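Before any comments, here is the structure.
Fair warning: this is a prediction, and the values are worked out from it, not measured in the lab.
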Amino acid sequence: MSANLIAISYLIASVLFILSLRGLSHPRFARRGNIAGMVGMTIAVLATLAVTPRVGAGLAMLAVGGAVGVIVSRRVQMTQMPELVAAMHSLVGMAAVLIAIAIVSNPPAFGVAFPMPAGNRVELFLGTVVGAVTFSGSVIAFGKLAGLGRYGRLFSSAPVTFRGQHAVNLALAAVMVGYGVAFVNAAPDAAWPPFLTMTALAFLLGVLIIIPIGGADMPVVISMLNSYSGWAAAGIGFSLNNSMLIIAGSLVGSSGAILSYIMCRAMNRSFFSVILGGFGGAEGTVAAGVEQKAVKSGSPEDAAFLLRNAESVIIVPGYGLAVGRAQHAVKEMADKLIAHGVNVRYAIHPVAGRMPGHMNVLLAEAEVPYDQVVELEDINADFPATDVAFVLGANDVVNPLAEQPGSPIYGMPILEAHKARTVLVNKRSMAAGYAGVDNPLFYMDRTMMVFGDAKKVIEEIVKALD
């Protein structure tokens with residue numbers, strides 16, 4: 001394949017990637033965006049194989065990777081998507097590190113002059129460091145999201161902090177940069193020691209950046225690591241002189257950074273604190289101060305009576321909805337309420353669930369009309385005039401402690417379900433949410449708890465409505 005045809009193929013793939021991002025910006029066009037991304041990646045892979053001397057090995061690796069991807073995609077549950085995304089980010093980071101090691105080992109094999117010019121070494125330094133931080137940070141994020149805290153404190157959903165943590169991180173970063181400078185200026189036969197040292201420090205720094213981030217802030221971490229993986233790919237793309245890798249990496253890196261910024265605003269967090277890590281370890285523990293009094297519980301039939309006699313209902317979906325795979329049952333319940341003349345809407349928090357867009361995907365899967373799905377900033381003012389707020393498995397995103405100074409989640413905007421005239425809450429138990437913070441919403445006089453699996457409870461409510 002000629003160089004011009006390769007360039008055109010990469011250009012077409014790049015346009016399709018841009019169209020993919022454009023489609024993914026709205027649920028209505030998300031499927032079209034996914035298709036555009038898949039077609040673009042297929043073109044990019046085929047074009048790359050066309051210029052690879054070892055086509056057989058490339059096809060074999062493509063088959064192995066594709067088979068693993070198919071198996072994982074068929075087995076993974078929707079509730080496991082956050083940790084799956086974190087795992088995929090770790091693979092991108094490690095790929096960047098391994099490519100950098102290969103280039104340092106044999107520069108001519110990748111079209112890089114020997115001895116390597118300083119510019120190529122700077123590119124390798126940046127790509128390797130970002131890739132290593134992405135890998136180790138994503139592994140920690142995966143462990144936190146998968147609930148692997150029982151295997152080690154590093155994977156605990158609670159922030160892991162120690163005295164002088166930020167000073168240690170800063171010192172490690174400074175030493176890492178120092179070794180990076182040494183690598184850039186080293187003689188060809190002396191490049192390995194500084195390169196391996198800076199890589200090891202980057203792996204360690206990735207762990208230290210993520211462990212102090214608490215569970216409630218993990219959705220932002222996922223977005224941040226997504227951005228890191230893109231920049232790692234772009235950095236290695238410069239080293240390989242691969243325009244496709246540069247463009248794709250830049251798209252992922254910039255879109256991830258924009259999403260992280262949007263989510264930081266939604267959670268009242270500092271964007272630069274997210275980049276530096278450790279913003280989740282807020283001071284103060286108000287959770288322990290919530291009075292543990294008896295809650296008022298009811299049956300699905302009681303909940304059906306309240307819903308049927310309401311004029312307006314706002315449904316607040318959360319992680320419990322995903323665990324119970326109850327989105328289709330909720331859609332059926334909402335349709336019956338609408339048939340009874342009830343005004344039903346869904347309130348979406350930007351970080352409900354455990355990754356951005358988690359609830360939007362679930363509701364889209366159940367074919368909930370888009371005009372019934374309302375974002376936080378557009379629906380909070382309606383809660384005081386709402387007859388029933390029905391909270392399904394959500395916890396931290398409806399916790400009034402976010403409005404109380406000293407709380408670990410203080411400053412995080414919430415869905416103000418506690419202001420509704422009546423609050424129904426479906427949970428499997430009284431266990432705290434992912435942030436480990438108790439929720440005074442559950443103890444309010446106008447709150448009724450309906451315990452049980454979300455799908456079973458909703459199905460019983462639907463029967464009672466009939």
Side-chain angles (χ1 to χ4, degrees), residues 10 13-14 17 37-38 40-49 51-55 57-73 83-107 109-112 120-142 180 183 195-196 198-207 209-210 222 224-256:
Y10 282 165
S14 300
F17 289 154
M38 289 187 290
M41 183 57 68
T42 301
I43 294 174
V45 169
L46 293 177
T48 302
L49 286 175
V51 296
T52 301
R54 299 179 179 178
V55 178
L59 290 173
M61 293 300 99
L62 187 62
V64 172
V68 172
V70 170
I71 293 172
V72 170
S73 66
E83 52 259 47
L84 176 65
V85 172
M88 295 302 177
H89 291 161
S90 71
L91 295 180
V92 176
M94 181 54 74
V97 174
L98 294 177
I99 292 173
I101 292 174
I103 295 175
V104 174
S105 177
N106 189 2
F110 297 89
V112 179
N120 289 104
R121 295 195 183 199
V122 171
E123 294 164 359
L124 283 176
F125 163 68
L126 294 175
T128 303
V129 165
V130 177
V133 169
T134 302
F135 172 78
S136 56
S138 297
V139 170
I140 298 298
F142 171 84
F183 166 67
F195 175 80
L196 293 177
M198 77 177 190
T199 303
L201 291 174
F203 280 126
L204 178 59
L205 191 60
V207 173
I209 285 177
I210 302 302
I222 294 294
M224 177 186 70
L225 291 172
N226 177 56
S227 179
Y228 284 2
S229 67
W231 297 125
I236 296 301
F238 279 106
S239 299
L240 296 177
N241 195 27
N242 187 309
S243 61
M244 183 69 265
L245 202 54
I246 295 171
I247 294 171
S250 298
L251 287 172
V252 173
S254 57
S255 60

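Side chains of V97 and T199 form a contact here, defined as non-hydrogen atoms less than 4.5 Å apart. Between V252 and H89, every side-chain heavy-atom pair lies at or beyond the 4.5 Å cut-off. Annotation: side chain of N241 is not in contact with side chain of F110 (no heavy-atom distance under 4.5 Å). A 4.5 Å side-chain heavy-atom check between V112 and S239 finds every atom pair outside the cut-off. Here the side chains of Y228 and V92 are not in contact, with every heavy-atom distance at 4.5 Å or above.
A distance of 13.5 Å separates CE in M198 from CG in L205, rounded to the nearest 0.5 Å. The OG atom of S136 sits 8.0 Å away from the CD1 atom of I210 when rounded to the nearest 0.5 Å. Interatomic distance, CG of L225 versus CZ of F142, reported as 13.5 Å (0.5 Å rounding). Put simply, CD1 on I209 and CG on L204 are 10.0 Å apart, with the number rounded to the nearest 0.5 Å. Remark: E123 CD to I103 CD1 distance equals 9.0 Å, nearest 0.5 Å. Remark: I246 CD1 to L251 CG distance equals 12.0 Å, nearest 0.5 Å.
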Review item, side-chain donor-acceptor pairs of residues 127-134, under 3.5 Å, at least two apart:
residue: T128; atom: OG1; partner: L124; partner atom: O; Å: 2.6
residue: T134; atom: OG1; partner: V130; partner atom: O; Å: 2.6

Under 3.5 Å, which donor-acceptor pairs do the side chains of residues 62-73 form with other protein atoms, sequence neighbours left out?
residue: S73; atom: OG; partner: G69; partner atom: O; Å: 3.1
residue: S73; atom: OG; partner: V70; partner atom: O; Å: 2.9

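Between A233 and L245 the shortest heavy-atom distance is O-CG, 3.4 Å. For G37 against F17, the heavy-atom pair with the smallest separation is O-CE2, 3.6 Å. Across all non-hydrogen atoms, the minimal contact from G253 to S227 is O-OG, 2.8 Å. Closest heavy-atom contact between S254 and W231: N-CZ2, 3.5 Å. Annotation for S243 and Y10: closest pair OG-CD1, 3.5 Å, computed over non-hydrogen atoms. When all heavy atoms of M244 and S14 are compared, the closest pair comes out as CE-OG, 3.4 Å.
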Check the pair N226 / V85 against side chain to side chain contact (heavy atoms under 4.5 Å, CB included), numbers first and verdict last. CA-CA 8 Å; N226 177 56; V85 172; 5.8 Å; no

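Between the S105 side chain and the A102 main chain, no donor and acceptor come within less than 3.5 Å of each other.
In terms of the ring pair (Phe, Tyr, Trp, His ring centres under 6.0 Å) criterion, residue partners of F135 (sequence neighbours excluded) are, by chain and number, F203.
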